[in-house]
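Following: one structure in C-alpha cells, then a few remarks.
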There are 4 protein chains.
Amino acid sequence: MSNTFGTIFRITTFGESHGVGIGVTIDGCPAGLAVDVADIQAALDRRRPGQSDLTTPRKEADQVEVLSGLFGGMTTGTPIGLLIRNQDQASHDYSHIEHAYRPSHADYTYDQKYGRRDYRGGGRSSARETAARVAAGVVAQKLLAHYGIEVASYVSQVGAVAVPVGYEELDLSLIDSNPVRCPHPETAERMAALIRQTRDRHDTVGGIVTGVVRHVPAGLGEPVFDKLHAELGKAMLSINAVKGFEYGSGFAGTLLFGSEHNDQFYTDEAGEVRTRTNHSGGIQGGISNGQDIYFRVAFKPVATILQPQQTINDQGEEISLAGKGRHDPCVLPRAVPIVDAMTNLVLADMILRARANKV
Amino acid sequence: MSNTFGTIFRITTFGESHGVGIGVTIDGCPAGLAVDVADIQAALDRRRPGQSDLTTPRKEADQVEVLSGLFGGMTTGTPIGLLIRNQDQASHDYSHIEHAYRPSHADYTYDQKYGRRDYRGGGRSSARETAARVAAGVVAQKLLAHYGIEVASYVSQVGAVAVPVGYEELDLSLIDSNPVRCPHPETAERMAALIRQTRDRHDTVGGIVTGVVRHVPAGLGEPVFDKLHAELGKAMLSINAVKGFEYGSGFAGTLLFGSEHNDQFYTDEAGEVRTRTNHSGGIQGGISNGQDIYFRVAFKPVATILQPQQTINDQGEEISLAGKGRHDPCVLPRAVPIVDAMTNLVLADMILRARANKV
Amino acid sequence: MSNTFGTIFRITTFGESHGVGIGVTIDGCPAGLAVDVADIQAALDRRRPGQSDLTTPRKEADQVEVLSGLFGGMTTGTPIGLLIRNQDQASHDYSHIEHAYRPSHADYTYDQKYGRRDYRGGGRSSARETAARVAAGVVAQKLLAHYGIEVASYVSQVGAVAVPVGYEELDLSLIDSNPVRCPHPETAERMAALIRQTRDRHDTVGGIVTGVVRHVPAGLGEPVFDKLHAELGKAMLSINAVKGFEYGSGFAGTLLFGSEHNDQFYTDEAGEVRTRTNHSGGIQGGISNGQDIYFRVAFKPVATILQPQQTINDQGEEISLAGKGRHDPCVLPRAVPIVDAMTNLVLADMILRARANKV
Amino acid sequence: MSNTFGTIFRITTFGESHGVGIGVTIDGCPAGLAVDVADIQAALDRRRPGQSDLTTPRKEADQVEVLSGLFGGMTTGTPIGLLIRNQDQASHDYSHIEHAYRPSHADYTYDQKYGRRDYRGGGRSSARETAARVAAGVVAQKLLAHYGIEVASYVSQVGAVAVPVGYEELDLSLIDSNPVRCPHPETAERMAALIRQTRDRHDTVGGIVTGVVRHVPAGLGEPVFDKLHAELGKAMLSINAVKGFEYGSGFAGTLLFGSEHNDQFYTDEAGEVRTRTNHSGGIQGGISNGQDIYFRVAFKPVATILQPQQTINDQGEEISLAGKGRHDPCVLPRAVPIVDAMTNLVLADMILRARANKV
C-alpha cells in the first residue's frame, strides 16, 4: 500500500537497487499530453550518479524504456509504464553487509518489519527508487506546463554554507550552471569546496534544498487533511534522507507576531489580487492563493561513510563496518531533480483534483 | 476527498465552525476496544476554549455525543460516529466579514476554489474542525495503549521563549501542570508572561510543539511514500496554522557530518537492540526502530488580531478590518491535544497496516 | 474501510438499526448545487416502512437532519453530514435473539468476524443502513440532473410474477402510481396479490428490480477494473438481500451468437451515433456509449419469517426461533429508492472521475 | 485510477495488446511467501491463445519476467513487478480498423472518453490485459494456500449447452481434462462440438463460468459496501465480455419463498457450525460463513466475428467491416484461469483486510 503516491494522478513504483530494475506506472494521467522520451531521459541524467566530481563516480546509464501508455508521442489516458534496468546488478559482492545492520540505514528496520530483505545495496530502501519518481515527474510536469506552472528547486545550503538571499533575489535559470545546482555562483563554489573536503575526509555532509513554484493559479489544494502544503510536506519527507520540511515563513515564522506575519491583500494595477508580503508561502488554508509557493527541505548527511563505524549484525553481535565502493559525499545536487519531481507530482494531482470538484 | 485521513484506521470529519456542529466517523477501528466517553470528553476539554486566561475567553461546552459504533462500552468494528454540536451558532453578526478577505485567512482561497463559502467564523477552514480530530484521537489512543505505546506533546517554544533542554531531560507528567502545557515550569512562566503581554497588545504569537512517542515497537511505518515520518509530517502540516515539521535531528541535522550524525547500534544488557544516539528520531527508512520518536511542529501566530489591518473585499476594494470578539492570542496550549490526536491517529493506522502485511 | 463508497464523490455511512441513528457524510460533492432538504425527505419517505399494506406496518418517521455542508440551500464543497435518528430504540426486548443465530441473517458471520455484535434488530447489518444511502443519493441526483441524466428503477418481478415487456415499452412515470412500484398496472396488481398471500402465510417472497438510466453522455466509466457496469454491479450487490446483477443482455445474452448479439452502429438523422440494438446495455468496454443503460438486480426473499425455524444459538445448541414483530413480506417496493440511490451515486462519481481525466 | 484493484493486496496493471507488453505491480503482498515463477508461467499457459482447436490459433508465448519483489524465491514485502512482452507487435496492419468503430467493441467509447486510442488490436481494452491479472492471481493464490483455501472455476454452459448438475456433484479435478475446461465429460464434448460448429460458421458463442471456493474460514468480507460477494461481483464484471454475476441461489432464488430459501444452521458431529442448505452461497451479510462459496459469471459471445457487419467509422459514415485474422470462437475455456485469478485476488485482499481489523 505504500508504493503508490497521489489520489488521481497516481504513481506506483517498484524495483530494488540491485535487482532487475526500477520502474513506475502512472495512472490517471489525462490523454492528449505530448511526452518526449528524451525529456524523461534528460531528467534521469540530472539525477544519475557520476555527473561531476561532487557525486559518486559510480556510472549508471539509467536508460528509460516506455512500456505502455504513449502512442504517437502522446499520452492515451491509459497507464504509462516506465522501466529503468539496473546494470551489472549480479556482479558485486555483498557478503560484508548481508548480515550487518549499517548505522542510520534501513537494514535493521526492514528486517524487523518484513523478517527478510534484499540486502544488495539497500534493496528497496535505496535512493535508487527515486529514479522512478524522477521519470514520472516529467510526465506530471507536462500537465503543469499546460497550465503555465513552473517548478524550480535548488541547493540553498550545504552543511553551514548557505545562500545569503531569498529565492526571489536569485536568477533561477542559473541552477544548472554549476554541479552543485546552486544559482548563487559564489556560494556554489564554497559549497563545492566543502563537499570536496568532506569527501576527502571520507565523510558526508547534509544540507537544504529550496523549492519554488511560480504561476500557480489560485484554488489548488484541498482543505482539511490534504492541504497543498501537507501533501508537499509528505512528498518531500518521503524522499530518502529528508528530516524536515517548512513552507513560507516556516520555523522562523514562529518568532514573528501576528501583526508582522499577516500578509495584507491588495489589488495590483492589473486588477490581480496579491499580497504585500508572502509569509504564507502562497498557500492559505491549504489552498494556493496565486502567489509564489516556496518551501525548504532538510537532508541529513548520507549514512554510508568510508570510515569504520561500530554497529551490530543480525545476531546482535557488535562489529566494525566501513562503507565500500563509490558513494556520494553529499546528495544535495542529485536531490534537486527529485524535489522537482515530487513537486510536479503533487501539483499535477492537485490540478486534477480541482477539476474533479467542479460541477 | 480531502476530509478523510488514514488508510485502514480512517477518520472522516465534517462540520463548520458556526453550523450545526462538528463531527467525525471513524472507520476501520477493530472491535473489542473499551472506550469510555468520559475520556473523549476529557480530551475535548483540553482543546476547548476558555480554559485559562491564556486562551480565548469564548465559552464552548464541546459536549460529545456518540452516534454509533460503541455497544456496551466497547467498539464493535462498525463505524464510530461522534458529534459535537455548536452553541449559539445563529446568534452572531458576521456582516463585517461576509465580503472581507481577512489577511492570512482562508477566505480568499475558499472563494477561489469553491466560488462560495460559509463565511461565519471561518466555516470549514476554522480550527474548530480539529475538535473532531481530538475526539477521534482518543479512540486511536485506546489501540495504542493496547500495545503499550505512549504519546505526549508539549509546548517547547512560544515566540522566542524556548525550553532550554531536550525532551529526554523533562518530566512529561508535568505537561498539564500549567496552562501553557510546557513541562519546564520556569519556561512555562516566561511563556505565559509573553502570551499575556501579546494579548494585551492585541497581537498574537506563534511557537513550537514538540511531540514524543515512547515504547514504539520496531517495524511500524511503510517504506517509500508512506514513511512513518512522512505520514506524521502530513498529519501535523494538516493542522491549522502549522508551517513546518521536523523529526529527529531535523533542520539542525543538516549541519552535522555523517560521522557525527549516524546512530551506532548496540545491544544493551537486556539483549535489546538500541542506538547510542538518536538523530534518527526513532525512524530509519521510514520504519520505527524501537527508539523514541520525537518531532517538532511550527505554528505561525494566529491570523486574527484585534487591530485594524489593510485588506480587500470580494470586489477587490481595499478596506480596513479589525478582528472582533474573543480570540486566542496564542494557539500553542490548545494545539497540544491536537498534536496528540494526530500522532495517535497516524500510529493507530500504522499498527493496523503492519498487521495487514503479515501472512 | 468498508463503510465508504465512491472514489471522488464518496459517501461514508454509519449507524445501527437500533442505536442513536443512521447517518452519512458525503465528501467530494462539488460546490454550487442547490439541494432542497425536502427532496431528501421525499426520497426517505419512499423507502420508509409503513407506506402501504404491502410493507411492514412498523412506523418510522425517518426525519433527516442536515449537520453540515449546505449553506443558503447550496452545497459548499465541504462534506455534507446527514443524520436520521432512530425512534424508540431503547424500548424493545431483544432477549430472544441476543444469543440466537437467525437463519440466513448476518448474526453468525458478524460474531465470527468481530467477536461481538450489536444484536438489537440486526445492528449494522440491518437494511436500515440503506436509509443513509437514499439520503446521499438525492445529493448525487442533483449532480446528474445538472447533466440531464435520468435514473429510474421499478419492480419487474415478484416471485414468479414478471412484467411481460421490456423497460422501453413501459411508461416509467407510472412507477409510483401503485404501492408495488411496478409501472405495468396489471402486473402490479398480480404482484400485490402475491405479496398479500405470502404475508398471510407468514412467509416472504423475493423478486427483481430493473434499473434504467437515460440521457447518459458517452464517455462515462473507467476501463479495466472500474468499468461502469462493474461499479454498478458492486453497488447493487452491496444492497442487503441482493443475489445477482446483470446488465444489457445479461445471462440471456449467453444464449445468443455473436452475429445476433453485436450492436451495429449507425448515425441517426440528427447526426448522433446510435446502435440498432442495445444488447450492450449502453456500456461498451466499461464506458457509456450514449444509449440507455439498463440492468436487473435479484433480491432474495426476506430472511425474517413469522414461522418457527430450526437454528442454533451462540453455544452451538439447536433451538427453534420465530420472527416477532412487524416485518416486510417483500422488500422489492422499498428497494426501488435504494437502487435509484446507488445508481445515482455511481454515476455522480463517474461524472467527476471523467472530469478529472481531462487536461 | 481505474487500473488498480484491491484495497490492501493491490494490483495495478498496465500495457496494451500490441504495444511493448502487458505488466502488473502487486503491492501489499506479505513477505515470506514462496513463489515459483514456473507456477506463474503455468497459469499464463492456461490463458494463452493456441492451446487447442477450440481457441484462436494465434500463437503467443506469454513469457513472464519478474522485475522486482522476489528474492531467493520468496516475496520480500516490496512490490512485485511482472512483465509479459508482446511478440511481433509491430508487424501487423491495422489500417482497416484505425478509423472503424467495431460493433460491440470499445473503439467508439474510448474515442469518446479519451479523444484518441491505441487502435492496434483493441489497445488497452483488449482482453490481453487479463494476462497480467492471471500472473498476479498466482501470487494471491499462494496466500490463499497458506490458509488452505481452494479456488476452482469451470465452464458450466456454452450457448444453450449446460452442465446438468450442480458443482457439488462434479469432480473438479477433471476441469483440465478437456480443452473446454468443463468437468462433466459428456457435456464437455457437446460444448466442444458447438464451439467448432460456431467457429466454422464464422460466428462466436457465449456461456457461463461457475466459480467455487472451498475451505474458506468464516469471517472474511466486509459489511456494507465491500461485501465479499460485492467485491467478487465487481471483480468478475471487470473481466472483458462479462454481462452478469450471481452467487448462491442467484436469480433463481427470487422464485423461492423465505421458508424455502433460508439456510438452517446446525452443529455437525465435529462440532462445526454448518447450514443444511446453502442458498446463501457461503456468504451472509457480506461475510463468509464457512460453507462453500459459489457463483456464476455470464460471458457474451465474442464481438469479433469473421463475417461482414454494418457499422460506422470515426467520421460517422456507414461502412461494412469483417474481422480478420485469428480470433476465439468462444472465450469460455480461456476465461476459466481469469475467473480463478480474480477470485484469488479478492480473497487475498479480504484475508489481509480481516487481519487488519483485529486488535
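All values below were derived from every heavy atom in this structure, side-chain atoms included, with hydrogens, water molecules and symmetry-related copies excluded. Reminder, nothing fancy here: chain letters follow the sequence lines and each chain counts from 1. Small disclaimer: the values here were computed from a predicted structure and weren't measured.
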Legend entry - Salt-bridge criterion met for Lys300(C) and Glu246(D) (N-O under 4.0 Å): no

Inset, instruction - Establish, for the pair Lys234(D) and Phe225(C), whether the NZ or CZ atom is under 6.0 angstrom from the six-membered ring centre and no further than 45 degrees off its axis. - result: no

Inset, instruction - Name the region of Ser280(C), side chain, backbone, both or neither, that has any atom closer than 4.5 Å to a heavy atom of chain D. - result: both

Legend entry - Segment of Ser125(D) engaging chain C (4.5 angstrom heavy-atom cut-off): neither

Legend entry - Which atoms of Phe299(D) approach chain C - backbone, side chain, both or neither, heavy atom under 4.5 Å: backbone

Legend entry - Partner set under salt bridge (charged side-chain N to carboxylate O under 4.0 Å, His left out) for Asp263(C), not counting sequence neighbours: none

Legend entry - Derivation of the salt bridge (Lys or Arg N to Asp or Glu O under 4.0 Å) call for Arg274(C) and Glu318(D): CA-CA 12 Å; Arg274(C) 301 182 57 83; Glu318(D) 300 223 2; over 6 Å; no

Inset, instruction - Using a cut-off of under 4.5 Å on heavy-atom pairs, state which of Gly207(C), Cys330(C), Gly253(C) scores highest against chain D. - result: Gly207(C)

Inset, instruction - Could you grab the distance from atom CD1 of Ile305(D) to atom NE2 of His261(C), nearest 0.5 Å is fine? - result: 12.0 Å

Inset, instruction - Give the member of His279(C), Gln264(C), Met342(C), Arg276(C) that has the highest number of heavy-atom pairs under 4.5 Å with chain D. - result: Gln264(C)

Legend entry - Segment of Gln307(D) engaging chain C (4.5 angstrom heavy-atom cut-off): side chain

Inset, instruction - Any chance you could measure Ile312(D), atom CD1, to Thr267(C), atom OG1, to the nearest 0.5 Å? - result: 4.0 Å

Inset, instruction - To the nearest 0.5 Å, tell me how far Thr254(C) OG1 sits from Leu332(D) CG. - result: 8.5 Å

Legend entry - Spatial distance of atom CD (Glu260(D)) from atom OG1 (Thr204(C)) [nearest 0.5 Å]: 9.5 Å

Inset, instruction - Answer yes if the side chains of Asp203(D) and Ser259(C) hold a donor-acceptor pair under 3.5 Å, and no otherwise. - result: yes

Inset, instruction - Please assess Gln112(C) against Asn289(D) for the test side chain to side chain contact (heavy atoms under 4.5 Å, CB included), listing each intermediate value before the final yes or no. - result: CA-CA 8 Å; Gln112(C) 289 293 306; Asn289(D) 68 0; over 6 Å; no

Legend entry - Stacked cation flag Lys243(C) on Tyr247(D), 6.0 angstrom / 45 deg: yes

Legend entry - Least distance between heavy atoms, Phe251(D) atom then Gly244(C) atom: CE1-C, 3.7 Å

Inset, instruction - Return the option, out of Gly248(C), Pro329(C), Ser249(C), Gly286(C), with the maximum number of heavy-atom pairs under 4.5 Å with chain D. - result: Ser249(C)

Inset, instruction - Just give me the residue among Gly219(C), Ser238(C), Gly285(C), Gly206(C) that pairs up with chain D most often, heavy atom to heavy atom, under 4.5 Å. - result: Ser238(C)

Legend entry - Residue part contacting chain C, namely of Arg201(D), when any heavy atom lies under 4.5 Å: side chain

Legend entry - Leading residue by heavy atom contact count with chain C [cutoff under 4.5 Å; candidates Ala160(D), Gly250(D), Gly159(D), Gly221(D)]: Gly250(D)

Inset, instruction - Let me know if Phe295(C) has heavy atoms under 4.5 Å from chain D in its side chain, its backbone, both or neither. - result: neither

Legend entry - Ser288(C) versus chain D, the contacting section by heavy-atom distance below 4.5 Å: backbone

Inset, instruction - Counting only heavy atoms closer than 4.5 Å, note whether His202(D) contacts chain C via side chain, backbone, both or neither. - result: neither

Legend entry - Toward chain C, the part of Val242(D) with a non-hydrogen atom under 4.5 Å: backbone

Inset, instruction - Using the test ring pair (Phe, Tyr, Trp, His ring centres under 6.0 Å), find all partners of Tyr108(D) that sit at least two apart in sequence or belong to another chain. - result: Phe265(C), Tyr101(D)

Inset, instruction - May I ask you to decide if Asp226(C)'s main-chain N or O and Ser2(D)'s side chain share a donor-acceptor pair within less than 3.5 Å? - result: no

Legend entry - Distance-only polar pair, side chains of Gln309(D) and Asn262(C), donor-acceptor under 3.5 Å: yes

Legend entry - Winner by heavy-atom pair count (cut-off under 4.5 Å) against chain C, out of Leu255(D), Val273(D), Val302(D): Val273(D)

Inset, instruction - Could you tell me which portion of Met236(C) (side chain, backbone, both or neither) has an atom closer than 4.5 angstrom to a non-hydrogen atom of chain D? - result: neither

Legend entry - Selection from Ile239(D), Ile208(D), Val297(D), Leu220(D) maximising heavy-atom pairs under 4.5 Å formed with chain C: Ile208(D)

Inset, instruction - Return the option, out of Pro217(D), Ala218(D), Gly281(D), with the maximum number of heavy-atom pairs under 4.5 Å with chain C. - result: Ala218(D)

Inset, instruction - Go through Gln284(C) and Ser104(D) one step at a time and tell me if the side chain to side chain contact (heavy atoms under 4.5 Å, CB included) criterion holds. - result: CA-CA 6 Å; Gln284(C) 290 171 326; Ser104(D) 291; 4.1 Å; yes

Inset, instruction - Against chain C, work out which of Thr13(D), Leu237(D), Val158(D) has the most heavy-atom pairs shorter than 4.5 Å and name it. - result: Leu237(D)

Legend entry - When His229(D), Glu129(D), Arg133(D) are compared by non-hydrogen pairs under 4.5 Å with chain C, the top option: Arg133(D)

Legend entry - chain D contact via Gln157(C) - side chain, backbone, both or neither, heavy atoms under 4.5 Å: side chain

Legend entry - Best-contacting candidate, Lys227(C), Glu317(C), His105(C), against chain D by heavy atom pairs under 4.5 angstrom: Lys227(C)

